[in-house]
Engineer: 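First the structure, then my questions, so here it is.
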Amino acid sequence: QVQLVESGGGLVQPGGSLRLSCAATGATLENYAVAWFRQAPGKDREGVSCIVNTDGKPYYPDSVKGRFTISTDSAKKTVYLQMNNLKPEDTAVYYCAAGVTLTTNQPVGLMKGFYNYWGQGTQVTVSS
C-alpha cells in the first residue's frame with residue numbers, strides 16, 4: 001500500500017520560493033506516474049506538474065511553467081516540487097499524487113482521475 005506524505009508548505013511573500021517534498025512509504029514509486037496538484041477554496045483540484053512518460057520528462061501547465069520544477073531522488077522515494085517566483089494566485093493546498101499507469105499523453109497526467117494515491121496536502125500561502 002502506497003502512502004504519500006507532503007511537507008514544506010508555509011507562508012511566503014510574493015516572489016519568494018518554497019520546496020515541497022512528498023515522501024512515499026509502503027512502496028517505492030519507481031514504476032509510478034507522479035504529480036503535484038493544488039486546490040484553492042471554491043476551485044477544482046488543478047494539476048501543476050507531472051512525470052508520466054517513461055522518458056521521465058516533466059510536464060507543466062502554462063500557469064506554472066518556468067516557475068515550478070518537479071523532480072525525484074534517484075530511488076524515486078521522494079518527489080519534490082521547487083516553486084520559484086511565487087504569486088498570490090499560487091495560494092492553495094498542494095497535494096502529491098501517484099498512479100500505476102504511465103502514458104505518452106502528458107496532458108492526461110494533469111487530470112486528477114489519472115491517479116490512485118494522494119497525500120494529505122500541505123498549505124502554501126503567498127501573501128505580503
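Index from 1, following the sequence. Please read these numbers as outputs of a predicted model, since none were measured by experiment.
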Engineer: So which heavy atom on Tyr80 is nearest to which on Trp36, and how close?
Structural biologist: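 Looking at all heavy atoms of both residues, the closest pair is O-NE1, 3.3 Å.
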
Engineer: In Å and rounded to the nearest 0.5 Å, what is the OG1 to CG distance from Thr101 to Asn116?
Structural biologist: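 Those atoms lie 6.5 Å apart.
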
Engineer: Counting C-beta onward and ignoring hydrogens, is there a side-chain heavy-atom pair between Glu89 and Ser63 closer than 4.5 Å?
Structural biologist: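 They are not in side-chain contact.
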
Engineer: Donor-acceptor pairs under 3.5 Å, side chain of residues 3-15 to any protein atom, not counting sequence neighbours: which ones?
Structural biologist:
unit_1: Glu6; atom_1: OE1; unit_2: Gln120; atom_2: N; d: 2.9
unit_1: Glu6; atom_1: OE1; unit_2: Gly121; atom_2: N; d: 2.7
unit_1: Glu6; atom_1: OE2; unit_2: Cys96; atom_2: N; d: 2.8
unit_1: Glu6; atom_1: OE2; unit_2: Gly121; atom_2: N; d: 3.3

Engineer: Side chain to side chain donor-acceptor pair (under 3.5 Å) for Asn84 and Ser17? Distances and angles first, verdict last.
Structural biologist: CA-CA 4 Å; Asn84 298 324; Ser17 298; 2.9 Å; yes

Engineer: Identify the heavy atoms of Gly109 and Phe114 that sit nearest to each other, and give their distance.
Structural biologist: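 Residues Gly109 and Phe114, closest heavy atoms: CA-CD2, 4.3 Å.
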
Engineer: Answer yes if Val52 and Val34 sit in the same cluster of Ile, Leu, Val, Met, Phe, Trp and Tyr residues linked by side chain heavy atoms under 4.5 Å apart, and no otherwise.
Structural biologist: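 Hydrophobic grouping puts Val52 apart from Val34.
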
Engineer: If I take atom OG1 from residue Thr72 and atom CD from residue Glu30, how far apart are they, to the nearest 0.5 angstrom?
Structural biologist: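 Going from OG1 on Thr72 over to CD on Glu30, the span is 11.0 Å.
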
Engineer: Look up atom OG1 in Thr25 and atom NZ in Lys77, then write down how far apart they are to the nearest 0.5 Å.
Structural biologist: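 Going from OG1 on Thr25 over to NZ on Lys77, the span is 9.0 Å.
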
Engineer: Would you give the length of the straight line joining atom NZ of Lys57 to atom CD of Gln106, rounded to the nearest 0.5 angstrom?
Structural biologist: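 Going from the NZ atom of Lys57 to the CD atom of Gln106 covers 6.5 Å.
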
Engineer: Less than 4.5 Å apart, any side-chain heavy atom of Leu81 and any of Arg38?
Structural biologist: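 No, their side chains stay 4.5 Å or more apart.
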
Engineer: Does the pair Lys76 and Leu29 meet the rule for a side chain to side chain contact (heavy atoms under 4.5 Å, CB included), with working shown?
Structural biologist: CA-CA 6 Å; Lys76 209 170 181 180; Leu29 302 177; 4.1 Å; yes

Engineer: Testing the basics here: between Gly47 and Pro61, what is the closest heavy-atom pair and its distance to 0.1 Å?
Structural biologist: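 Smallest heavy-atom distance, with atoms named: O-CG, 3.4 Å.
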
Engineer: Atom CE in Met111, atom CG in Asn105: separation rounded to 0.5 Å?
Structural biologist: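 CG of Asn105 is found 9.5 Å from CE of Met111.
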
Engineer: Should the ring pair Tyr94 and Phe68 be called parallel, tilted or perpendicular, given that the plane angle runs from 0 to 90° and is split at 30 and 60?
Structural biologist: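 Rings of Tyr94 and Phe68: tilted, 30 to 60°.
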
Engineer: A side-chain contact here means heavy atoms from C-beta on lying under 4.5 Å apart; do Ile51 and Ile70 qualify?
Structural biologist: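 Yes - at least one pair of side-chain heavy atoms lies under 4.5 Å apart.
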
Engineer: Any side-chain heavy atom of Val124 within less than 4.5 Å of one from Asp90?
Structural biologist: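 Contact flag for Val124/Asp90 side chains = no.
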
Engineer: Quick one: do Phe37 and Val108 end up in the same hydrophobic cluster if we chain Ile, Leu, Val, Met, Phe, Trp and Tyr together by side-chain heavy atoms under 4.5 Å apart?
Structural biologist: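 Both belong to a single hydrophobic cluster.
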
Engineer: With clusters defined by side-chain heavy atoms of hydrophobic residues (ILVMFWY) lying less than 4.5 Å apart, directly or transitively, does Val100 cluster with Val79?
Structural biologist: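 Yes, it is one cluster - the side chains of Val79 and Val100 are joined through contacts under 4.5 Å.
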
Engineer: For residues Val2 and Ala27, report the shortest heavy-atom separation together with the two atoms involved.
Structural biologist: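 Nearest heavy atoms, Val2 then Ala27: CG2-CB, 3.6 Å.
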
Engineer: Using a 4.5 Å cut-off on heavy atoms from C-beta on, say whether the side chain of Tyr59 contacts that of Leu110.
Structural biologist: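 The answer is yes; the side chains approach within 4.5 Å.
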
Engineer: Quick one: side chain to side chain contact (heavy atoms under 4.5 Å, CB included) partners of Asp62, sequence neighbours excluded?
Structural biologist: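 Asp62 satisfies side chain to side chain contact (heavy atoms under 4.5 Å, CB included) with Lys65 once adjacent residues are dropped.
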
Engineer: Report whether Val48 and Tyr115 are members of the same hydrophobic cluster (ILVMFWY, side-chain heavy atoms less than 4.5 Å apart, transitive linking).
Structural biologist: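 No, separate clusters.
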
Engineer: Which value, rounded to the nearest 0.5 Å, describes the distance between Thr78 atom OG1 and Asp73 atom CG?
Structural biologist: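 That separation rounds to 4.5 Å.
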
Engineer: State yes or no: do Met83 and Tyr60 share one hydrophobic cluster built from I, L, V, M, F, W and Y residues joined by side-chain heavy-atom distances below 4.5 Å, directly or via other members?
Structural biologist: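 Same cluster.
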
Engineer: So which heavy atom on Gln123 is nearest to which on Thr91, and how close?
Structural biologist: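 So the two residues come closest at NE2-CG2, 4.0 Å.
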
